[in-house]
Novice: 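Sharing a structure, written as structure tokens. Questions coming.
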Protein chains: 2
Amino acid sequence: MKIVTIIGSHNVPLGQLRNTKQRKVILEELAKLESHPTASELYEIVRKRLPRISLGTVYRNLEILSQFRKINTLHPAGFEKRFDGRTDLHYHVRCVRCGRLDDVPLEPFDTIDEAARNVTGYEILSHSIEFVGVCARCRSHKEKEP
Amino acid sequence: MKIVTIIGSHNVPLGQLRNTKQRKVILEELAKLESHPTASELYEIVRKRLPRISLGTVYRNLEILSQFRKINTLHPAGFEKRFDGRTDLHYHVRCVRCGRLDDVPLEPFDTIDEAARNVTGYEILSHSIEFVGVCARCRSHKEKEP
DNA sequence: ATAACTGCAAACGTTTTGCCAGCAT
DNA sequence: ATGCTGGCAAAACGTTTGCAGTTAT
């Protein structure tokens, strides 16, 4: 008997995605928007077309669509806040396998704030960069994952 | 009569910060750590020195210390996930006043992943950048804030 | 036929809050 | 004396999950 580790959320199907009305409307409405809505904002919008849809369905579909790269999830899934004794500007890298978070010892890119100011109309105060990747430890354990 | 808008969390004092044992220990332990603990991880650590401290106190102090720039909060306070119909790499800017989130129409900095790889030992897959600043609308309303 | 999917409601884990006593200034 | 702060417990919040019935393929 072989034990298989299922990667990803419990609600993401192993087989074929289906094209339900709910999923279609969620995608359509999200595509229409310039903004980056939260799940419940999108729920309110979608509800105008599908009054009986549930918030759970919206969450489930956003998760699935994100896994299949149809949409993008901005503030990376369910992570707790983390705190850092350093207050100087520095960057972080997160391991997608184990969630480990490390500092990245690079000098801050101090020119990019000005670039952002020029194209956004914002007064830019600072920025943060989070790299995502696979840490050394997880890379050496790669045989565990299919 | 003048209406004053209180900025920031309900638990952040308007007056002078005090130097309590709990606050000191939280700061000390956080400073010792190379890692970026969550509130409850830090709670467990601090509890070894102050067994009667509560998790609420840890949260309150982290919030206050963060406001006063004594520490840094990594995954910026309580924001919900946001979803984006675009799946290509692009950056975002958040207004610290109103929470508004916009796209930043800059070309992706494709060289920085390699720089990060060189200094971290991670296999770097991607990165995200979030600028923080004040949006045009909020800048024109600045008279409302002290 | 079958596996994906939905709505609903309950459960979950994290964070915030109200209360009141206690302590730093 | 003032008002910031702590502990505690309850509430709030965003998100996930179990269930039982439904739907797309």
Side-chain angles (χ1 to χ4, degrees), chain A residues 4 6-27 36-44 46-68 70-71 73-83 99 101, chain B residues 6-27 29 36-44 46-68 70-71 73-83 99 101:
Chain A
V4 179
I6 309 291
I7 306 180
S9 144
H10 294 302
N11 292 302
V12 175
L14 288 76
Q16 178 73 43
L17 281 196
R18 285 183 188 165
N19 221 359
T20 62
K21 206 180 338 159
Q22 290 87 342
R23 183 163 298 161
K24 214 180 309 180
V25 172
I26 288 170
L27 252 179
H36 305 85
T38 62
S40 46
E41 286 166 1
L42 194 53
Y43 169 61
E44 290 303 332
V46 166
R47 218 139 72 103
K48 291 176 188 153
R49 292 176 57 186
L50 302 172
R52 296 190 46 77
I53 198 173
S54 76
L55 181 56
T57 296
V58 173
Y59 271 107
R60 258 184 305 228
N61 275 295
L62 290 170
E63 169 67 16
I64 291 171
L65 291 168
S66 191
Q67 297 260 343
F68 282 76
K70 304 297 186 196
I71 66 170
T73 298
L74 294 191
H75 281 284
F79 288 118
E80 297 170 57
K81 288 185 196 173
R82 289 178 177 275
F83 300 92
L101 187 67
Chain B
I6 309 290
I7 308 182
S9 143
H10 296 301
N11 292 300
V12 176
L14 288 75
Q16 177 73 43
L17 280 196
R18 285 184 186 162
N19 221 359
T20 62
K21 206 180 340 156
Q22 289 87 343
R23 185 163 296 164
K24 213 179 311 178
V25 172
I26 288 170
L27 251 179
E29 293 300 327
H36 306 86
T38 63
S40 45
E41 285 166 1
L42 194 53
Y43 169 62
E44 291 303 331
V46 166
R47 215 139 72 104
K48 291 176 186 153
R49 292 175 57 186
L50 303 172
R52 296 190 46 77
I53 198 174
S54 75
L55 180 57
T57 297
V58 174
Y59 271 107
R60 257 185 306 233
N61 275 296
L62 290 170
E63 168 67 16
I64 291 170
L65 291 168
S66 191
Q67 298 260 344
F68 282 76
K70 304 298 186 197
I71 66 170
T73 298
L74 295 191
H75 283 282
F79 286 120
E80 300 169 55
K81 289 184 197 174
R82 288 178 177 275
F83 300 91
L101 186 67

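Labels below follow one simple rule: chain letters A, B, ... track the order of the sequence lines, proteins then strands, and each chain is numbered from 1. FYI, side chains are in, hydrogens and waters are out, and symmetry mates aren't considered; it's all heavy atoms of this structure.
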Novice: Less than 4.0 angstrom between a side-chain N/O of T20(A) and OP1 or OP2 of dT6(C), yes or no?
Specialist: yes
Novice: Can you tell me the distance, in whole Å, between the CZ atom of R23(B) and the C1' atom of dT5(D)?
Specialist: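 Checked: the CZ to C1' distance equals 7 Å.
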Novice: Which nucleotide wins on minimum distance to the side chain of A39(A), given the candidates dT17(D), dT15(D), dT5(D)?
Specialist: dT15(D)
Novice: Looking only at side-chain atoms of T57(A), point me to the closest of dG7(C), dT25(C), dG7(D).
Specialist: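 Looking only at side-chain atoms, T57(A) lies closest to dG7(C).
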Novice: Would you mind reading off the distance between L62(B) atom CG and dG6(D) atom C1', rounded to a whole angstrom?
Specialist: 15 Å
Novice: Any ion pair linking R49(B) and E29(B) (charged N to carboxylate O, less than 4.0 Å)?
Specialist: yes
Novice: Starting from C1' on dT15(C), measure out to CG on L42(B) and report it in whole angstrom.
Specialist: 15 Å
Novice: Between dT5(D), dT25(D), dT15(D), spot the one nearest the side chain of Y59(A), thanks.
Specialist: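 The closest nucleotide is dT15(D).
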Novice: Atom OH of Y43(A) to atom P of dG14(D): distance rounded to whole Å?
Specialist: 14 Å
Novice: Reckon Q22(A) has a side-chain N or O less than 4.0 Å from the OP1 or OP2 of dT23(D)?
Specialist: no
Novice: Within less than 4.0 Å of OP1 or OP2 of dT6(C), is there a side-chain N or O belonging to N61(A)?
Specialist: yes
Novice: Can you measure Q16(A) atom CD to dA1(C) atom C1' for me and round it to whole angstrom units?
Specialist: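 That distance rounds to 17 Å.
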Novice: I53(A) CD1 to dT23(D) C1': how many Å, rounded?
Specialist: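 Going from CD1 in I53(A) over to C1' in dT23(D) covers 15 Å.
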Novice: Of the listed nucleotides (dC5(C), dG18(C), dC8(C)), which one gets closest to any side-chain atom of R60(B)?
Specialist: dG18(C)
Novice: Starting at atom CD1 of I64(A), determine the distance to atom P of dT17(D), rounded to an integer number of angstrom.
Specialist: 12 Å
Novice: Checking contacts here: which listed nucleotide (dT6(C), dT15(D), dT25(D)) is nearest the side-chain heavy atoms of N19(A)?
Specialist: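 Of all the options, the side chain of N19(A) is nearest to dT25(D).
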Novice: Do Y59(A) and E63(A) have side chains that get closer than 4.5 Å, going by heavy atoms?
Specialist: no
Novice: Pick the nucleotide of DNA chain D nearest each of G56(A) and V58(B); which residue has the one closer to the 5' end?
Specialist: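 Nearest nucleotide further toward 5': that of V58(B).
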Novice: Does OP1 or OP2 of dC8(D) have a side-chain N or O of R52(B) closer than 4.0 Å?
Specialist: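 Yes.
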Novice: Quick check for you: among dG3(D), dC19(D), dG6(D), whose closest atom lies nearest to any side-chain atom of R18(B)?
Specialist: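 When the side chain of R18(B) is considered, dG3(D) is the closest of dG3(D), dC19(D), dG6(D).
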Novice: Answer whether the closest heavy-atom distance between the side chains of I53(A) and I26(A) falls below 4.5 Å.
Specialist: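 Counting from C-beta outward, I53(A) and I26(A) do come under 4.5 Å.
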Novice: Please determine, for the side chain of L17(B), which listed nucleotide (dT5(D), dC5(C), dG7(D)) has the closest atom?
Specialist: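 Nearest listed nucleotide: dT5(D).
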Novice: For a side chain to side chain contact (heavy atoms under 4.5 Å, CB included) with L62(B), tell me which candidate from T57(B), L42(B), T38(B) qualifies.
Specialist: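 The option that passes is L42(B).
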Novice: Determine the minimum heavy-atom distance between R23(B) and N61(B), stating which atoms define it.
Specialist: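 Of all heavy-atom pairs spanning R23(B) and N61(B), the closest is NE-OD1, 2.5 Å.
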Novice: Nearest whole angstrom, please: distance from the C1' of dT16(D) to the CD of E63(A).
Specialist: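 From E63(A) CD to dT16(D) C1': 10 Å.
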